[in-house]
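These notes are about the structure you will find just below.
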Amino acid sequence: MARPRVTIKDHTAEANLFARRTVIAMLVIFTMIAMVLSNLYYLQITRFEDYQTRSNGNRIKILPVAPNRGLIYDRNGILLAENRPVFNLEVIPEKVENLEKTLGLLSVLLDIDEDEVTDFYREIKRNRRFKPVSLRKRLTPEEVALFSANQHKFPGVSVEARLTRHYPYGKTLTHVLGYVSKINKRDLQKLSEAGLEANYAATHDIGKLGVEKYHEDILHGQVGYQEVEVNNQGRIIRTLNFNPPVPGQDIVLNIDLALQQEAEKIMDGDKGTVVMLDSNNGGVLAMFSSPSYDPNLFVHGISSKNYNRLLNSKGRPLINRATQGQYPPASTIKPHLALVGLEQKIVTPETRIFDNGKYRLKNVEHVWRDWKTWGHGWVDLTSAIEQSCDIYFYDLAYRLGIDKISDNMFEFGFGDYTGIDLHEESDANMPSRGWKRARFNQPWYIGDTIPVGIGQSYWTVTPIQLVQSVTTLMNHGRRFIPQIMRGKYQDKEVVLEGSKERRPLDVKNIKNWDIVLDAMYGVVNRKTGTARKAFIDTPYVSAGKSGTAQLVAIAQDAKYDADSLAENLRDNAMYVGFAPYEKPEVAVTVVLENAGGGSSQAAPLARKMMDKYFAGCEFTPRPEIQEPSKSQDVALHSSAHNH
């Protein structure tokens with residue numbers, strides 16, 4: 001059956017409608033073409049530079065390159081901290097046909113344990129398959145040789161090397177050098193706050209303690225950059241440009257390795273510290289804290305087991321006793337108090353008191369005793385220092401009062417940071433009225449002042465404070481800041497930093513210095529000197545002061561018995577000294593925890609340090625020892641005392 005024909009009712013109207021629709025369609029098409037062309041112009045011409053930069057950003061990557069860390073030398077050019085290559089076994093997963101089988105064979109060949117394999121699989125998930133992942137770190141030379149002989153069996157596996165820090169002398173210098181270790185979140189936060197995060201973009205380690213931390217800005221260097229072209233998967237195709245990093249500067253320390261090793265040797269594992277300074281500029285020649293530990297444990301990440309062992313050790317090896325240990329100074333500060341007494345005109349060189357072994361205050365029941373039960377008899381200032389007479393300094397402290405003592409001792413540096421170039425330092429405690437009120441909410445009593453005269457009560461010092469104060473004495477008030485770093489290597493020459501000083505002590509009568517120093521000479525060289533036996537027959541002439549710090553109170557009628565006390569409650573042995581007497585070159589302090597008497601235990605070690613320093617030096621024959629002249633008895637004008 002034929003389809004019916006459609007009849008066009010109005011040919012003109014239909015033609016006009018079609019024409020209008022055609023025009024409208026063409027306008028829409030041309031408009032869209034114009035929009036496309038306009039957008040192309042905008043993208044290709046107007047925004048050309050912007051999109052070219054973005055394109056290059058996808059195609060070109062800037063990879064940071066870590067600088068080599070600066071080396072550390074002792075004053076004689078001996079390398080103390082170096083950068084050594086470490087060999088790691090690395091695997092590129094996409095190049096290994098059968099990863100599980102390969103790991104099994106490698107485990108047998110190199111004795112790789114399950115924990116290492118587990119860590120490897122965990123690391124793979126965090127990285128792209130074409131990037132290398134470490135399977136075994138710090139291969140031994142034997143393992144490197146063994147793998148190299150079998151490398152053809154393991155496509156996609158290779159041994160790669162990178163430089164890491166190494167300390168060849170281990171625990172000998174731990175508390176001086178410190179160590180570097182992996183950068184953690186706290187380090188990143190500090191770097192970000194300091195605006196240094198970009199400079200550590202490729203760095204794995206940062207200084208954590210000691211010189212490594214304090215001089216991090218010198219040792220680290222400046223980051224470099226490598227401009228590379230990558231494909232759409234991020235794989236490097238070629239290197240376009242290389243801006244090399246600037247290595248960290250090499251530095252030289254004041255430390256003398258031979259003296260440092262001698263300090264370690266004489267400590268022989270005992271708890272305590274030895275510090276020796278150059279008396280002419282404050283340079284730290286030796287600083288050993290015992291017990292110590294191997295800093296190399298921390299460089300590659302210390303295990304929880306090893307860290308807990310160090311942390312819980314009774315010897316507390318993580319503490320730098322030289323700068324953080326806080327000890328009662330005991331009799332080592334008697335020369336300092338004597339100088340204050342002379343300056344304040346509380347005593348004169350001729351002032352004498354009678355020491356019968358006991359010191360009492362009127363209407364006070366408590367009795368303060370001398371270390372010598374029967375006393376020293378009549379003593380003046382010089383003989384009181386030589387024989388370490390406690391009674392004389394009980395009385396001097398009483399007459400000075402805590403205000404004058406604390407103010408003047410703070411000037412010597414007690415109760416304050418020395419300024420040594422280490423972050424690990426304590427300011428210890430110089431007691432005062434205000435301190436006790438703030439600490440205990442109690443007033444200061446006269447009974448608190450008496451034991452301050454012999455370096456007890458609430459008074460504590462660090463060994464570095466003590467030896468710094470002795471250099472101040474011998475230099476007649478010049479106060480050098482202890483410095484470990486001596487200078488920097490520049491163009492194969494050492495550029496010295498120079499000594500640093502604080503405001504000198506103001507002593508109006510310069511003769512007072514000589515009086516006190518002469519008494520310290522007597523401690524070592526005169527017949528009644530407490531340290532005479534330790535320094536007998538030395539080719540050099542030295543001076544010093546011994547001290548025995550009591551750590552536990554003894555009942556009034558009881559006698560000190562070391563054997564009846566726990567070891568950690570026994571007396572500390574202390575000694576400070578300098579040599580040669582006429583023109584000092586070095587000052588040394590020795591602190592031995594729970595070892596007993598300072599003159600019998602600490603002084604002999606101080607002599608060994610001085611013997612080591614002066615070994616090979618020639619001295620003129622020792623002068624005949626001058627005993628002080630006997631002065632006339634001068635009554636002590638204090639009616640408040642009953643000696």
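Numbers for residues simply follow the sequence, beginning at 1.
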Quick one: are [X] and [Y] in side-chain contact, heavy atoms under 4.5 Å?
| X | Y | answer |
| --- | --- | --- |
| R478 | T472 | no |
| K436 | P431 | no |
| H300 | T164 | yes |
| N184 | K208 | yes |
| I481 | I420 | no |
| L163 | R84 | no |

Please check: side-chain N/O of [X] versus main-chain N/O of [Y], any donor-acceptor pairing under 3.5 Å?
| X | Y | answer |
| --- | --- | --- |
| Q260 | D256 | no |
| R486 | L253 | no |
| S181 | F298 | yes |
| N475 | G477 | no |
| S313 | G315 | yes |

Practice task
Applying salt bridge (Lys or Arg N to Asp or Glu O under 4.0 Å), run through R69 and D250 and close with a yes or a no.
Solution key: CA-CA 8 Å; R69 195 170 182 84; D250 298 342; over 6 Å; no
Before accepting this row, confirm whether a basic side-chain N of the pair [X]/[Y] lies closer than 4.0 Å to the acidic partner's carboxylate O.
| X | Y | value |
| --- | --- | --- |
| D421 | K213 | no |
| E82 | R165 | no |
| R503 | E411 | yes |

Exercise for the section: Take Y417 and H423 through the test ring-ring contact (aromatic ring centres under 6.0 Å, His included) and record every step on the way to the result. Expected result: CA-CA 10 Å; Y417 299 101; H423 290 297; over 10 Å; no
Going by distance alone, is a donor N or O of one side chain under 3.5 Å from an acceptor N or O of the other, for [X] and [Y]?
| X | Y | value |
| --- | --- | --- |
| S289 | T273 | no |
| Q326 | S426 | yes |
| N525 | R532 | no |
| Q324 | T462 | no |
| K372 | S388 | no |
| Y613 | E585 | yes |
| E582 | Y521 | no |
| N429 | W459 | no |

Rounded to the nearest 0.5 Å, what separation is found between the [atom1] atom of [X] and the [atom2] atom of [Y]?
| X | Y | atom1 | atom2 | answer |
| --- | --- | --- | --- | --- |
| K171 | F288 | NZ | CZ | 6.5 Å |
| R321 | M267 | CZ | CE | 8.0 Å |
| T460 | F414 | OG1 | CZ | 10.5 Å |
| D448 | Q456 | CG | CD | 13.5 Å |

Exercise for the section: Measure centre to centre between the rings of F535 and Y575, then say whether the value is under 6.0 Å. Expected result: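 So the answer is yes for these two rings.
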Handout entry: Aromatic centroids of Y179 and H166 separated by under 6.0 Å
Key =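 When the ring centroids of H166 and Y179 are compared, they turn out to be at least 6.0 Å apart.
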Problem - Criterion side chain to side chain contact (heavy atoms under 4.5 Å, CB included) on L277 and I464, from CA distance to verdict - result: CA-CA 9 Å; L277 298 187; I464 194 67; 4.3 Å; yes
Exercise for the section: Could you walk me through whether T418 and E425 pass the side-chain hydrogen bond (donor to acceptor under 3.5 Å, both in side chains) test, one step at a time? Expected result: CA-CA 8 Å; T418 64; E425 184 183 12; 2.7 Å; yes
Exercise for the section: Please assess Y540 against Y581 for the test ring-ring contact (aromatic ring centres under 6.0 Å, His included), listing each intermediate value before the final yes or no. Expected result: CA-CA 8 Å; Y540 53 87; Y581 175 71; over 10 Å; no
